[in-house]
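What follows is a short report on a single structure.
In each ligand, atom 1 is the first atom listed, and ligand 1 is the first ligand listed.
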Amino acid sequence: MAILKILQYPDERLHTVATPVAEVTDKIRSLIKDMAETMYDAPGIGLAATQVDVHQRIIVIDTSETRDQLLVLINPEIIASSGISDYEEGCLSVPGIYGKVQRAESVTVKALNVQGETFVLEAGELLAVCIQHEMDHLAGKVFVEYWSRLKQARALAKLKKKQRNL
Ligand code: QAP
Ligand code: CO
């Protein structure tokens, strides 16, 4: 097990489009363990492989209060969505920056589990938002990129200032 390094916005590698996992091997399972450990350590509620510079379609999520409900999505696909939600988001790759993004309120997602079996999950509320946020990472998109140029520039200035003071 290992804590992986999380890429920090505006790292260009966050714009890489991930490719599907061809087969869920022990190597993939080992990566997933490290991703989960990294997410829990941060602590965060979601982490996409893109954020640890692995460009394969893998996501780990745990939105539970008890931090013991790990959800692993391999090759996720949204097969249905409905409603509109306007949730305040954050991101481990954009620390200290929070803001609203408009997304679907509920989603039905199809994915593979760590055993390589297909499953379908219906999600709402925070879990639905988190799934969409993490799937964006796999497509090379960071949540702040939904914002206006001005709001993005302000976020970037805040990040730069924080990095200078480290
Ligand atoms: C994505 O984000 C998410 O700024 C997961 O200083 C977040 O785990 C989806 C974090 C909210 C939907 C709603 C952020 C930790 C964690 C920070 C995270 C920070 C420390 C973010
Ligand atoms: Co994120």
Side-chain angles (χ1 to χ4, degrees), residues 1-19 31-78 81-109 111 121-147 151-166:
M1 297 263 274
I3 308 282
L4 308 169
K5 199 176 154 247
I6 299 173
L7 296 179
Q8 299 296 302
Y9 187 81
D11 195 306
E12 265 310 309
R13 291 170 288 181
L14 288 169
H15 291 139
T16 313
V17 177
T19 53
L31 166 68
I32 289 167
K33 275 194 181 142
D34 289 345
M35 284 176 61
E37 199 184 358
T38 305
M39 174 185 71
Y40 286 123
D41 177 72
I45 58 168
L47 185 74
T50 310
Q51 293 175 275
V52 295
D53 204 20
V54 175
H55 303 286
Q56 299 201 62
R57 296 185 58 81
I58 304 168
I59 291 169
V60 293
I61 291 175
D62 191 340
T63 56
S64 72
E65 295 279 340
T66 45
R67 317 286 294 149
D68 60 357
Q69 304 285 311
L70 181 67
L71 173 67
V72 176
L73 301 172
I74 302 166
N75 299 344
E77 279 175 70
I78 289 175
S81 64
S82 64
I84 298 172
S85 101
D86 213 349
Y87 212 97
E88 179 100 354
E89 301 187 14
C91 180
L92 288 172
S93 292
V94 199
I97 306 290
Y98 303 90
K100 285 188 175 178
V101 174
Q102 214 174 75
R103 300 189 186 273
E105 186 176 41
S106 39
V107 294
T108 305
V109 62
L121 174 77
E122 262 191 67
E125 301 177 359
L126 177 59
L127 180 57
V129 174
C130 199
I131 289 171
Q132 293 171 84
H133 174 115
E134 301 310 332
M135 284 184 67
D136 270 350
H137 278 301
L138 302 180
K141 183 148 180 162
V142 180
F143 80 112
V144 298
E145 293 164 353
Y146 283 99
W147 298 348
K151 197 169 175 191
Q152 280 186 57
R154 282 181 179 145
L156 205 51
K158 191 172 171 184
L159 275 175
K160 290 264 150 79
K161 184 175 175 191
K162 203 175 111 189
Q163 278 162 14
R164 263 205 311 279
N165 296 334
L166 279 178

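By the 4.0 Å heavy-atom criterion, Y98 is counted among the residues contacting ligand 1. In this structure, L126 has a heavy atom closer than 4.0 Å to ligand 1.
Residue contact check: G46 has heavy atoms under 4.0 Å from atoms 5 (C), 8 (O) of ligand 1. Heavy-atom proximity to V129, at under 4.0 Å, picks out these atoms of ligand 1: 12 (C). Close approach to G96 involves these atoms of ligand 1, each under 4.0 Å from a residue heavy atom: 4 (O), 6 (O), 17 (C). Atoms of ligand 1 lying under 4.0 Å from any heavy atom of G90, numbered from 1 in the order shown and given with element: 1 (C), 2 (O), 3 (C), 7 (C), 11 (C). Listed by atom number, the atoms of ligand 1 under 4.0 Å from G44 heavy atoms are 8 (O).
A donor-acceptor pair is defined here as one N or O able to donate and one able to accept, closer than 3.5 Å; such a pair exists between the side chain of Q152 and the backbone of W147. Within the 3.5 Å criterion, the main-chain N or O of G99 finds no donor-acceptor partner in the side chain of K151. Looking only at distances, a side-chain donor or acceptor of T38 sits under 3.5 Å from a matching main-chain atom of L4. Of the possible polar contacts, none joining the D136 side chain to the K141 backbone as a donor-acceptor pair under 3.5 Å is found. At least one donor-acceptor pair under 3.5 Å links the side chain of T50 to the backbone N or O of H137. Within the 3.5 Å criterion, the main-chain N or O of N75 finds no donor-acceptor partner in the side chain of E77.
Remark: K100 does not engage D86 in a salt bridge, criterion side-chain N to carboxylate O under 4.0 Å.
Only the side chain of E134 comes within contact range of ligand 1, with a heavy atom under 4.0 Å; no backbone atom does. When non-hydrogen atoms are compared, ligand 1 lies under 4.0 Å from the backbone of C91 (N, CA, C, O) but not from its side chain.
Taking the six-membered ring for Trp and thresholds of 30 and 60 degrees, H15 and Y9 have ring planes more than 60 degrees apart, a perpendicular arrangement.
At the top of the distance list for atom 16 (C) of ligand 1, counting protein heavy atoms only, stands L92 CD2, 3.4 Å. With hydrogens left out, the protein atom closest to atom 9 (C) of ligand 1 is C130 CA, 3.8 Å, a heavy atom.
Across all non-hydrogen atoms, the minimal contact from P10 to K160 is CG-NZ, 4.3 Å.
Here the shortest heavy-atom distance to atom 8 (O) of ligand 1, taken over I6, T63, I45, D62, belongs to I45.
For the Co ion (ligand 2), the nearest N, O or S atom contributed by H133 is named NE2.
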